[in-house]
Amino acid sequence: MNFNEIQSLDESYVLQTYGRNRIAIDHGRGATLWDTEGKEYIDFTSGIGVCSLGYANEAWAKAIYGQAMKVGHISNLFYTEPYARLASRLVPAAGMAAVFFGNSGAEANEGMIKLARKYSYEKYGEGRATVITLKNSFHGRTITTLKATGQDHFHEYFFPFTEGFRYAEANSMDSLLDAAGEDVCGVMMELIQGEGGVNPLQKDYVQAVAKLCAEKDWLLLIDEVQTGIGRTGTLFAYQQFDVLPDVVTFAKGIAGGLPFGGFLTNGKCRSVLRAGDHGSTFGGNPMSAAAANVVMDVLTPDFLAQVAEKGKYLREGIAALGSPCVSGVRGMGLMTGVGVQGMTHKELKDQLMAAGLLCLTAGADTLRLLPPLVITREEIDRGLAIMAQVMK
């Protein structure tokens, strides 16, 4: 089908909940995509940070096919090898004690909130269930994770929202202490606020929050749905902040394009959730877990060092353009935010797309770049050349 035929079907049969770009993607290889009309694009989006191994990765595709021909799904009423093997690799690499597998980032964050409240209830009883999150954060689109999100415009229409959240300013211990109280059970935060504008937290602030949580026996809850699984140049971003969370969530890039997510706990929280407390029909799905094992094969220390190096190269390349459109460049690894001035970030995104470069937006004025982790220097250079052409 051509673009017009696909768009017609979408408008006729699909709820119009997305502001889709006016292109239909047909196929890709590495970090390069082609649409149904044959136009080529350098991809700085990776499906919003999901396609960590890019497109047409043969090892990934073979693992999925091989598992599909054995058993595609059987539920968590039975053991299967792929999730067990994945857990045995992911848990020690993260420095944690145990893992729960689900399907998405919002679902993972829901599970983390449940665990924090159950931990506090079992130890302290009722009345200690509030989770402090940060202003400008984003934690998902379920009723609970919308309320956990520290942006007012997400708290509309869907009343009543789940209660039990208060918000503090990022990088301000005074604001966090103002939000504190005897009813608090945990602090939940992204180490880089992705949807909020690609804003990294300050390392000393994160460490101060971790210390306060330890003193008050609040759980330190880290949302690494976007920053985890190699995106920032280490398996998890917290490994660059020198803290160990009580619970950390992950999703997006873990299975390279299949739905998968979950959360990891430290030793203190390992036994909080017991049989019947939490579950997921598709969690740990054999095909998704097989794909995730291929992702783990790729994320060697040398590969992660290359992710950090390529991210630095990309940011330096954007800064070197000297474009009046750019107000600043920030990020870690292959997670980059470009401040936009003189036009809206959406206008710039659309112009780049027309020229053959796919980008994302975030916050009020930020161009967000999340290329596949396997992107080559040649593909980065092609993307920078398009930026130079459009932003001159």
Counting distance only, does the side-chain N/O of [X] pair as donor-acceptor with the main-chain N or O of [Y] below 3.5 Å?
| X | Y | result |
| --- | --- | --- |
| Asn109 | Gly140 | no |
| Ser120 | Arg117 | no |
| Thr366 | Arg368 | no |
| Asp223 | Met188 | no |
| Ser46 | Ile48 | no |
| Arg330 | Val198 | yes |
| Asp381 | Leu384 | no |

When rounded to the nearest 0.5 angstrom, what distance separates [atom1] in [X] from [atom2] in [Y]?
| X | Y | atom1 | atom2 | answer |
| --- | --- | --- | --- | --- |
| Ser88 | Asn293 | OG | CG | 7.5 Å |
| Phe165 | Leu146 | CZ | CG | 10.5 Å |
| Tyr313 | Glu316 | OH | CD | 9.5 Å |
| Asp10 | Leu15 | CG | CG | 10.0 Å |
| Met391 | Leu352 | CE | CG | 6.5 Å |
| Ile229 | Phe250 | CD1 | CZ | 6.0 Å |

Test side chain to side chain contact (heavy atoms under 4.5 Å, CB included) applied to Val209 and Val243, Ile132, Leu201, Leu220, the passing residue: Leu220

Is the [atom1] atom of [X] crowded by more than 12 outside heavy atoms at less than 6.0 Å?
| X | atom1 | answer |
| --- | --- | --- |
| Phe159 | CZ | yes |
| Lys312 | NZ | no |
| Lys62 | NZ | no |
| Tyr121 | OH | no |
| Lys39 | NZ | yes |
| Glu58 | CD | no |
| Glu182 | CD | no |
| Gln16 | CD | yes |

Check the pair Glu224, Lys252 against salt bridge (charged side-chain N to carboxylate O under 4.0 Å, His left out), reporting the backbone distance first and the verdict last. CA-CA 9 Å; Glu224 294 230 27; Lys252 289 194 180 289; over 6 Å; no

Given side-chain contact (heavy atoms from CB on, under 4.5 Å), test Trp218 with Arg128 step by step and report yes or no. CA-CA 10 Å; Trp218 299 344; Arg128 198 177 187 269; 3.6 Å; yes

Check whether the side chains of [X] and [Y] place a donor and an acceptor atom closer than 3.5 Å, and report yes or no.
| X | Y | answer |
| --- | --- | --- |
| Asn103 | Ser280 | yes |
| Gln240 | Thr234 | yes |
| Lys147 | His155 | no |
| Ser172 | Asp174 | no |
| Thr145 | Glu110 | no |
| Thr130 | Asp183 | yes |
| Glu190 | Thr227 | no |
| Glu11 | Ser8 | no |

Under 4.5 Å between side-chain heavy atoms, counting indirect links through other Ile/Leu/Val/Met/Phe/Trp/Tyr residues: same cluster for [X] and [Y] or not?
| X | Y | answer |
| --- | --- | --- |
| Leu357 | Leu321 | yes |
| Val272 | Val99 | no |
| Leu360 | Ile375 | yes |

Measure the shortest side-chain to side-chain distance between [X] and [Y] over non-hydrogen atoms and say whether it is less than 4.5 angstrom.
| X | Y | result |
| --- | --- | --- |
| Arg377 | Gln306 | no |
| Gln341 | Val326 | no |
| Leu177 | Leu212 | yes |

Closest heavy-atom contact between Pro82 and Gln67?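 That closest heavy-atom pairing would be CG-OE1, 3.4 Å.
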
Shortest non-hydrogen contact from Asp217 toward Tyr124: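 Closest approach of Asp217 to Tyr124: OD2-OH, 2.6 Å.
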
Mind telling me whether Phe101 and Tyr83 have parallel, tilted or perpendicular rings, with 30° and 60° as the class edges?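 Tyr83 vs Phe101 ring planes: perpendicular.
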
Which of parallel (below 30°), tilted (30 to 60°) and perpendicular (above 60°) describes Phe236 and Tyr238? parallel

Aromatic ring proximity His73/Phe282, centre distance under 6.0 Å: yes

Checking salt bridge (charged side-chain N to carboxylate O under 4.0 Å, His left out) for the pair Glu378/Arg382: CA distance, chi angles, key distance, verdict? CA-CA 6 Å; Glu378 187 267 341; Arg382 288 169 63 194; 3.8 Å; yes

For Arg166, is there an ion pair with Asp178 - N to carboxylate O distance below 4.0 angstrom?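 Here Asp178 does not pair with Arg166 in a salt bridge, since their nearest N and O are not under 4.0 Å apart.
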
